[in-house]
Amino acid sequence: MKIKGGINKELAEIFNKIADYLRSQKVEFKPHAYQRVAISISSLEKEVSRIYKEEGLKGLMEIPGVGENIALKIEEYIKTGKVSDYEKIGKKIPPGVFEIAKIEGIGLKRAQILYKKLKIKDMNSLEKAAKKGLIAPLFGFGGKTEKNILEGIAFFKTRKDKISIAEAFLIAERIKKELLSLKEVEEISEAGSLRRRKESIGDIDIIIASKSPKKVMDFFVSLPGITKIWGKGKTKSSIQLKEGIDVDLRVVSKENYGSALLYFTGSKEHNIKIRKIAISKGLKLNEYGIYKGKKRLGGKTEKEIYSILGLSCLPPELREDKGEIEEKKIPNLLELKDIKGDLHCHSLWNGGQNKIEEIAKTAIERGYEYIGISDHTKFLKIERGLDEKQLIEQRKEIDKINVQLKGRITLLQGCECNILNDGSVDIQEKELRKLDYVIAGVHSNLKMSRDEMTKRIITAMKNPNIDIISHPTGRLINLREEYRIDFEKILKIAKETGTILEINGSPYRLDLKDIYIRRAKSIGVKMIIGSDAHEKSQTRFMEFGVFQARRGWAEEKDIINSFSLNKFLKLLKRNNQN
DNA sequence: GCCGTTTTCGGCCCGACTGTTTTCAGTCG
């Protein structure tokens, strides 16, 4: 069973599947151990093969959650490309059955029942069976489950072969770095949907300015990790990477770089519109430049072209033909460097991977002025959510670290408490009041009716002790739809109550999505970007939140963690009541 | 299978809810 992706991701997926399998066999404790290792390996910065090469088995065992047994399995995979225990499972369960188990409402146990009873071994055979109504009569299944299965399959079909912005961004950074090592490369940039920072990316486009296209192309098609060369020419080459994504490279002359970048960044709709403007001015715009008759007026930079067309230079994130061309006042978009703190971080206290002190030090390295610890609370047993007593204990620790780090950073204590079915939360109000800020989010019973879920969130927003709503729509990209909510109503109440909506930067969520951010901004609802880091390196998810905010036309003034600590605190509901 | 400022062995992964059941699987991160 071969899985696409870098070695850490491959192993994480194998360990996750072993965990799923053991859980379906009712094995105790081991699934948790495997799952933990899967999480910790996938958040490693270094490839396990490198750790093994440099430090051997001992190095592997220093990875959190890895003991002797799992270290040996990692070693086996590095040496042979296989984990024999996992191969044994593969003989019992076809890979398609694991896929089926990803559908909401189906776990590996039910998938195995379907395999045994109806010989269902992939999505296709599952869909056929559900449509024929063969599933509902099975013991333990029913009409609603069958309906859920069909909805789940439909959702899976819409996601196509796209990868997340986070994954595409990191791959592109790596490739750009390699290409930049060539002295023949004069300019380089990503283009396409990646440059526009869309949340999912079909393929990666890269544009290079160079006088020696052949050298650049030869180097490009010899990069490590290529599984297929679709085509190689003087100006355009296309490859497939082992991560399962295609990369297209175009090499142009420096004179054409701006026009090529503009053309290949898109969007198509944006390009059509600016070409029409060119025509209306008696000009012609293409990927080689901007022309009046045969005379070339420019094309070296994007700015030059926009200026000839009488437009301001539009940031790529806005180029969707959603009003940016007509807009008189182009927003001065938020930038990563504007961010002064991260208020959504989980610590070791609730099952995160790092001590508060380590998170604080990472925040100092990131240049933040403040950092907030917002651990889950007690309703989420599986996350070891904190109760009132533990919050009081945690405060003591935070106070102590604040003294140690005085002058370097300020730590705040918050929590991410749970909005229960009736809109109340799982921590007593008087304890919430003692915190510096409170985030509340929905983490359970996600399939409520639209009215009930809207009411549930609104009740929480009306609570004077709740400052921020985390991941307000609850979607997981490619995995789970939003809660059914009346978002307009939620915006209205957010504005009235001064509740802040989060833009969750985790690549799995990116919630709020771009159109909601733009809508919130237009109404004047304040937002905050949180990394939702469960491991210190994940604080970099802030950047993906900033991308998302930029696509939503957000400026510094719309995002409250771009404010200095004092201004930020003054904006919180708790500090703003008469 | 991992882990140790109580431990090198005995803890760890709990509970409320939904759908479909009459005991259970799956979902929330």
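The structure displayed is predicted, hence computed values, not measured ones. The analysis underlying the following values was restricted to heavy atoms, covering all of them including side chains, and did not include hydrogens, waters or symmetry mates. Naming: A, B, ... by sequence-line order, numbering from 1 per chain.
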Could you state the atom-to-atom distance from NE2 of A/His443 to P of B/dC17 in whole Å? 17 Å
What does A/Val37 touch in the nucleic acid at a heavy-atom separation under 4.0 angstrom: a base, only the sugar-phosphate, or nothing? nothing
With distance as the sole test, does A/Asp122 use its side chain to make a donor-acceptor pair with the main-chain N or O of A/Ser125 at under 3.5 Å? yes
Could you tell me whether A/Leu108 contacts a base, only the sugar-phosphate backbone, or nothing, with contacts defined as non-hydrogen atoms closer than 4.0 Å? sugar-phosphate
Gap in Å between the two C1' atoms, one belonging to B/dT5 and one to B/dG1, rounded: 24 Å
Over 60° means perpendicular and under 30° means parallel, so classify the ring planes of A/Tyr86 and A/Phe98, tilted if in between. tilted
Secondary-structure stems, DNA chain B, at least 3 Watson-Crick or G-U base pairs under 3.5 Å: B:1-4 with B:9-12, B:15-19 with B:24-28
Atom C1', compared across B/dT7 and B/dC12: separation rounded to whole Å: 13 Å
Please tell me if A/Lys73 has a side-chain N or O lying less than 4.0 Å from either OP1 or OP2 of B/dG1. yes
Can you tell me if A/Arg480 touches the phosphate of B/dG29, counting only side-chain N or O atoms and a distance under 4.0 Å to OP1 or OP2? yes
Please list each protein N or O that sits under 3.5 Å from an N or O in nucleotides 20-23 of chain B, with the distance.
residue, atom, partner, partner atom, Å
B/dT20, OP1, A/Lys144, N, 2.7
B/dT20, OP1, A/Thr145, N, 2.9
B/dT20, OP1, A/Thr145, OG1, 3.3
B/dT20, O3', A/Phe141, O, 2.9
B/dT21, OP1, A/Gly140, N, 3.4
B/dT21, OP1, A/Phe141, O, 2.5

Measure CG/A/Asp20 against P/B/dA25 and give the value in whole Å, please. 15 Å
Please determine whether a side-chain nitrogen of the Lys or Arg among A/Asp399 and A/Lys396 lies less than 4.0 Å from a carboxylate oxygen of the Asp or Glu. no
note: A/Glu62, atom CD; B/dG4, atom P; distance rounded to Å ~ 12 Å
B/dG26 and B/dT21, which share atom name P, separated by this distance in whole Å: 14 Å
Strictly distance-based, threshold 3.5 Å: is any side-chain N or O of A/Lys340 a donor or acceptor partner for the main-chain N or O of A/Tyr368? no
Rounded to whole Å, please give me the gap between CZ in A/Phe379 and P in B/dT27. 16 Å
For a quick check of understanding: with a heavy-atom distance under 4.0 Å over all strands, which category does A/His346 fall into, base, sugar-phosphate or nothing? nothing
Check whether any side-chain N or O of A/Glu431 sits under 3.5 Å from a backbone N or O of A/Gln428 as a donor-acceptor pair, and report yes or no. no
C1' atom, B/dG29 versus B/dA16: distance in rounded Å? 16 Å
At less than 4.0 Å, is any side-chain N or O atom of A/Asn421 found next to OP1 or OP2 of B/dC17? Yes or no. no
Atom C1', compared across B/dT23 and B/dG19: separation rounded to whole Å: 13 Å
So if I take every side-chain heavy atom of A/Leu476 and compare against B/dG29, B/dA25, B/dC12, which nucleotide ends up nearest? B/dG29
Work out how far the C1' atom of B/dT20 is from that of B/dA25, and round it to whole angstrom. 10 Å
Any salt bridge (charged side-chain N to carboxylate O under 4.0 Å, His left out) pairs touching residues 61-73 of chain A, not counting sequence neighbours? A/Lys73-A/Asp85
For A/Lys30, which residues count as a salt bridge (charged side-chain N to carboxylate O under 4.0 Å, His left out) partner, sequence neighbours excluded? none
Polar contact flag, side-chain donor to acceptor under 3.5 angstrom, A/Asp342-A/Thr539: no
Closest to the 5' end of DNA chain B, once A/Ile63 and A/Leu446 are matched to their nearest nucleotides, is A/Ile63
To the nearest angstrom, how far is A/Asn16 atom CG from B/dG29 atom C1'? 13 Å
Could you give the distance separating B/dC14 and B/dT27 at their C1' atoms, to the nearest angstrom? 13 Å
Going by atom types alone, do A/His471 and A/Glu416 pair a side-chain donor with an acceptor below 3.5 Å? yes
Of the nucleotides B/dC2, B/dA25, B/dG29, which one has an atom closest to the side chain of A/His534? B/dG29
In chain order, what residues pass the ring-ring contact (aromatic ring centres under 6.0 Å, His included) check against A/Tyr115, with sequence neighbours excluded? none
Nearest to the side chain of A/His376, heavy atoms from C-beta on, is which of B/dG1, B/dT18, B/dG29? B/dG29
Can you measure A/Asp426 atom CG to B/dG29 atom P for me and round it to whole angstrom units? 14 Å
Report the distance from atom CD of A/Glu452 to atom C1' of B/dC17, rounded to the nearest whole Å. 13 Å
Given atom CG of A/Leu22 and atom P of B/dC2, what is their separation to the nearest angstrom? 12 Å
Just to verify, what does A/Glu365 make a side chain to side chain donor-acceptor pair (under 3.5 Å) with, not counting sequence neighbours? none
